[in-house]
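Below: the structure, in structure tokens.
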Amino acid sequence: MDKERLSKSYEPREVEARWYPYWKESGFFHGEDRSDRKPYSIVIPPPNVTGMLHMGHALNNTLQDIIIRYRRMQGYNAMWMPGTDHAGIATQNVVEQDLSRKGQTRHDLGREKFIEKVWEWREKYGGIILNQLEKLGCSCDWERERFTMDEGLSRAVREVFVRLYRDDLVYRGDYIVNWCPRCHTAISDLEVEYEEEKGGLWYIRYPYADGTGEVVVATTRPETMLGDTAVAVNPGDARYRDMVGKMVILPLVMKEIPIIADDYVSIEFGTGAVKITPSCDPNDFAMAQRHDIDTVIIMDGSAVINENGGPYRGQDRFTARKNVIEDLKKGNYLIKEEPYTHNVGRCYRCKTIIEPAISKQWFVRVKPLAKAATAAVIKGKTRIVPKMWEGTYFDWMENIRDWCISRQIWWGHRIPVWYCDDCGEMTVATDTPEACAHCKGTALRQEEDVLDTWFSSALWPFSTLGWPDDTEALKTFYPTSLLVTGFDILFFWVARMMMMGLYVMKEVPFRDVYLHALVRDEQGDKMSKSKGNIIDPLKMIDKFGADAFRFTLAAFTAQGRDVRMSEDRIEGYRNFVNKIWNAARFSLMNLPEADSSAPPVPPAKEDAGIFDRWILDRMNRTVSEVVRQLDDYRFNDAASALYQFVWHEFCDWYLEWIKPVLYGKGKEKDKKAAQDTLRTVLVTSLKLLQPFMPYVTEEIYQKVVPGAGSIMVSPFPEEDGGLADEKAVADVALLQGIVTAVRNIRGEVNLPPSKKLRVRVLASDEGAFDVVHAAVSQLADLANLESLELVREMKDEPKKVAAGVAGPVKVYVFLEGMIDFSVEKARLEKDIAKIARDLQFVSRKLANRDFREKASPEVVQKEEDKFSSLRNRNEILEKALNHLREWEKSGE
RNA sequence: GGGCGGAUAGCUCAGUCGGGAGAGCGCCACGCUUACACCGUGGAUGUCACAGGUUCAAGUCCUGUUCCGCCUACCA
């Protein structure tokens, strides 16, 4: 082997820059449309083209990469579909901002030119986030990269729209929708964020037209009174029963409107009478429809009062509110104003207060789609992990309302509907029609609106695979195997993909959905620019390496928990990466050159030493643990199993045990066995770690098994029952117990680490004797002993000793030259006290007849074993303590 | 209003079949022992939120309470 020395610490930057292009160019990321291997596919949650990699992306994509790398190594035809979505409103906003710097608006350019600008923008900046994913190490199938505005995907969008229309699942109509006066578009219910805000509740007098009195209404939005067309009361409200049907005079506007009765009105709230503004409130709108009441629209698209607002015309809604209140006061209509906290809806994109407004919009009739989507999860066609999200999913599906899919912006999929100027009919078609489908006229105008970005995202699992064409990719990879995404887009995206997948493909879009939590800062706060607590993933990668960063994310991804991220934590796992690096470095120094590129094999059981058999057992358990946890998407458990094994079993113990053998202190045959084991365990560990840490594992793998190809396409380890070895595990536990007992005494009694100790081990148990006997030299090494005297029985009771117990054996450390034994006495007393407490507890339990009768025999046996071992320990420590006391006395 | 999640070591969190609680970081002590000071060895630390209940046995199951977080909903 080229004995090229590894540097003392791992340097991620250079390594990462080297391997990623190699993998990519080697085609390892590519999934085959046709293959004998079983398919495994994931579609990426497409980030916005405007996006920059943040912690949420980093987490989301790390988890996907872990799974896809794992499955790829397991031999699946693994394919991870990458891409971006066109993020209609967001992208349009960005380009509009660019324009406004030049003092222009999109209207100055016109639709066509503007769209061109957006495409230019996308060419320039649109791919940034995908390059950032490469920095993370993501093994996406880049040959397949898709964009929701691609021709292929656009075709899918038009096709689905037309089908929905023909199935009467999409319709157009005048309804009240959430209108953003800044974005100048309708948005869906999901895109409104509600937050409690302090406002006021104004009580306004509405006099009866006949002059017999007045009714008082309470409102949080006095300016909307300009559009009032009724006052409503509850039909069961005795106070108003006789008033229903009477007319009141709308103040300021001075027109007559009726009092109506509707169950919606709450008797308890306010005065029990509510003003009805069908154009400004969804509930009022619904009520107006029930009662056939007029609607007066008082605002334009910018939420500025229009001509129906009389003197308030031209004022924005907030100015109008002030003035209306002022005028109400002047007219003695305002009774009082109370401070009032209520929910205010804001645009998810620009945070402008949403104005409910009536307009012509397109909707998807989702109820029937939702039914199928619910059924699919109930039937287990799609599994939601963690399961607790199922309830949320069902609940939403059950209460779902029609989905407003039209947006009054330019950037997006233009709705494939054409209006005929001749006959006024609509033509709905996938391709631009030559003539009106109804009158054959050619005076066609296409619908101006575009579709909600989520409409195209909902098709992502099949549109990216070539649908509506019947492609090989579609046949192979649909339904996809897994979707990994944040719980925050369960409704936005997951639910809609389920509906569309089932509607279009007659099959669920994915078998499993793994929903992960949000990334927060150390204090559990959401990361935000304004708080200044953002951790930039790219900076972390630069500072600590992608492997450390990825492993940190995985290690903190416990199901149903937020991920709290901090630099310290990444640093901790950077240390782990370095530990792995150094374990490899040590291994390479002590391994002969690999004589072939064949995978390493462990020694035959009869050739293997006890420590070899022990670590192979541990390794094997780790393999099964990692497989089990990854299969269940328990990333943190898989990560910690690896951490525990590699650091605390392989590095802390195994490497130390075999050092004497490797250094030639034993037989050549044993050295060979240890080397074979070492190589096997190292390579297996690297493979288990590869999905989490692709770079460092590749770098080491190439040196340990040169010529074997890339680790990322090598077979993933499988559990091997033949490696299980309970005897070795038990024996090594005994040996570890002896080492620990000595070290404990050394530490507690303040014997310096440099001081070599004389130790006597009493093993009356024949089996234990043999185990210790065979490992005397290793024990002496690990515990730093001058001598280890192993005896079957004690002829002379040593007095100047510290005593310890390891399973069936007793350990005595000679305390030569020591004068003050108080520390050792204190240590013994402390141990004895602890044992006494435990003994009391166990014996009480054993004395309980109910326990003996009702607990399982195994549990009873366990307690009995515990009891005898405690008593044994107690005896020996007591004896040692007495001896010390005696010696002290005699010494006086 | 409805729903979900959480409360365990100083901090952040595991704890899957109910059998007297673990990890990482931090802390204390000692140590550059030929892979690693990004390290090693040893040590300290708990009213498992509170109150009941089931059970031989509860961090774990049940009921209620408190406090946090999130989602959802048309009380103006």
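The chains referred to below are lettered A, B, ... by the order of the sequence lines, with proteins before strands, and numbering in each begins at 1.
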Is any side-chain N or O of A:Glu656 under 3.5 Å from a base N or O of B:A35, one able to act as donor and the other as acceptor?
-> yes
Are A:Glu11 and A:Arg13 ion-paired here, with the side-chain N under 4.0 Å from a carboxylate O?
-> no
Closest to the side chain of A:Met589, out of B:C36, B:A35, B:A76, is B:A35
Remember a base hit wins even if backbone is also touched, and classify A:Asn343 as base, sugar-phosphate or nothing at under 4.0 Å, heavy atoms.
-> base
Of the listed nucleotides B:G43, B:C38, B:G19, the one nearest the side chain of A:Ser9 | B:C38
Between B:A58 and B:G19 - C1' atom distance, rounded Å = 10 Å
Can you tell me if CD on A:Glu195 sees more than 12 non-hydrogen neighbours from other groups inside 6.0 Å?
-> no
Under 4.0 Å: is that the gap between some side-chain N or O of A:Trp647 and OP1 or OP2 of B:G40?
-> yes
By nearest-nucleotide position on RNA chain B, the 5'-leaning member of A:Trp653 and A:Glu863 is A:Glu863
Nucleotide of B:G40, B:C74, B:C38 approaching A:Lys579 most closely (side-chain heavy atoms) = B:G40
With respect to the side chain of A:Lys830, which nucleotide from B:G43, B:U41, B:G19 is positioned closest?
-> B:G43
Just name whichever nucleotide pairs with B:C61, Watson-Crick or G-U, keeping both distances under 3.5 Å, else none.
-> B:G53
Looking at B:C36, B:U72, B:A76, which one has an atom nearest to any side-chain atom of A:Leu190?
-> B:U72
Taken to the nearest 0.5 Å, the spacing of A:Leu250 CG from A:Leu226 CG works out to 7.5 Å
Side-chain N or O of A:Lys659 less than 4.0 angstrom from OP1 or OP2 on B:A35?
-> yes
Closest to side chain of A:Phe269, choosing from B:G42, B:A35, B:C75 = B:C75
For B:C28 versus B:G18, give the span between their P atoms, rounded off to a whole number of Å.
-> 41 Å
Give the intermediate values and the outcome of ring pair (Phe, Tyr, Trp, His ring centres under 6.0 Å) for residues A:Tyr573 and A:Phe692.
-> CA-CA 12 Å; A:Tyr573 285 109; A:Phe692 300 85; over 10 Å; no
Looking only at B:C56, B:U72, B:G19, the nucleotide nearest the A:Lys854 side chain is B:C56
Remember a base hit wins even if backbone is also touched, and classify A:Tyr10 as base, sugar-phosphate or nothing at under 4.0 Å, heavy atoms.
-> nothing
Below 4.0 Å: OP1/OP2 of B:C70 and any side-chain N or O of A:Tyr194 | no
Is it true that A:Asp781 and A:Lys659 make a salt bridge, defined as a side-chain N closer than 4.0 Å to a carboxylate O?
-> no
Test for a donor-acceptor pair under 3.5 Å between the base of B:C38 and the side chain of A:Arg574, counting only N and O atoms.
-> yes
Roughly how far apart, to the nearest Å, are B:G22 and B:G15 at atom P?
-> 15 Å
Give the nucleotide from the list B:G5, B:A76, B:C74 with an atom nearest to the side chain of A:Asn283.
-> B:C74
Salt bridge between A:Lys756 and A:Glu786, side-chain N to carboxylate O under 4.0 Å?
-> no
P gap between B:G10 and B:C48, integer Å = 12 Å
Under 4.0 angstrom, heavy atoms only, what part of the nucleic acid is A:Ser587 near: base, sugar-phosphate, or nothing?
-> nothing
Looking only at side-chain N and O atoms, does A:Tyr340 come under 4.0 Å of OP1 or OP2 in B:A76?
-> yes
Looking across every strand, which nucleic acid part, if any, lies under 4.0 Å from A:Gly272 by heavy atom: base, sugar-phosphate, or nothing?
-> base
Take atom P in B:A23 and the same atom in B:C67, then report the distance between them in whole Å.
-> 34 Å
Would you tell me if any nitrogen or oxygen in the side chain of A:Arg401 comes within less than 4.0 Å of OP1 or OP2 on B:C74?
-> yes
Indicate, with a heavy-atom threshold strictly under 4.0 Å, whether A:Val265 touches base, sugar-phosphate, or nothing.
-> base
Rounded off to whole Å, could you give me the OH-to-C1' distance for the A:Tyr573 and B:C13 pair?
-> 10 Å
Return no unless some side-chain N or O of A:His648 is found under 4.0 Å from OP1 or OP2 of B:G24.
-> yes
Which nucleotide in the list B:C74, B:C56, B:C38 gets nearest to the side chain of A:Asn575?
-> B:C38
Is a salt bridge present between A:Arg628 and A:Asp632, judged by a nitrogen-to-oxygen distance below 4.0 Å?
-> no
Given B:C38, B:G19, B:G42, the nucleotide with the shortest approach to the side chain of A:Arg743 | B:G42
Any N/O donor-acceptor pair, A:Glu748 side-chain to B:U41 base, under 3.5 Å = no
With a non-hydrogen cut-off below 4.0 angstrom, is A:Lys755 in contact with a base, only sugar-phosphate, or nothing?
-> nothing
Is it true that A:Lys703 and A:Glu699 have a side-chain N and a carboxylate O under 4.0 angstrom from each other?
-> yes
When you compare B:A49 with B:U60, how far apart are their P atoms, in angstrom units rounded to a whole number?
-> 8 Å
How far does the C1' atom of B:U45 sit from the matching atom of B:C11, given to the nearest Å?
-> 13 Å
Paired to B:G42 by Watson-Crick or G-U wobble criteria (both distances under 3.5 Å) is B:C28
Separation between the C1' atoms of B:C50 and B:U66, rounded to whole Å | 7 Å
Extract from the structure each pairing of a protein N or O with an N or O of nucleotides 27-31 of chain B at less than 3.5 Å, listing the distance.
none

Under 4.0 angstrom between A:Arg634 side-chain N/O and B:G15 OP1 or OP2 | yes
Can we say A:Glu625 and A:Arg618 salt-bridge, meaning some charged N sits less than 4.0 Å from an Asp/Glu carboxylate O?
-> no
A:Glu649 with A:Arg621: basic N within carboxylate O range, under 4.0 Å | no
With distance as the sole criterion, do the side chain of A:Lys8 and the base of B:A37 form a donor-acceptor contact below 3.5 Å?
-> no
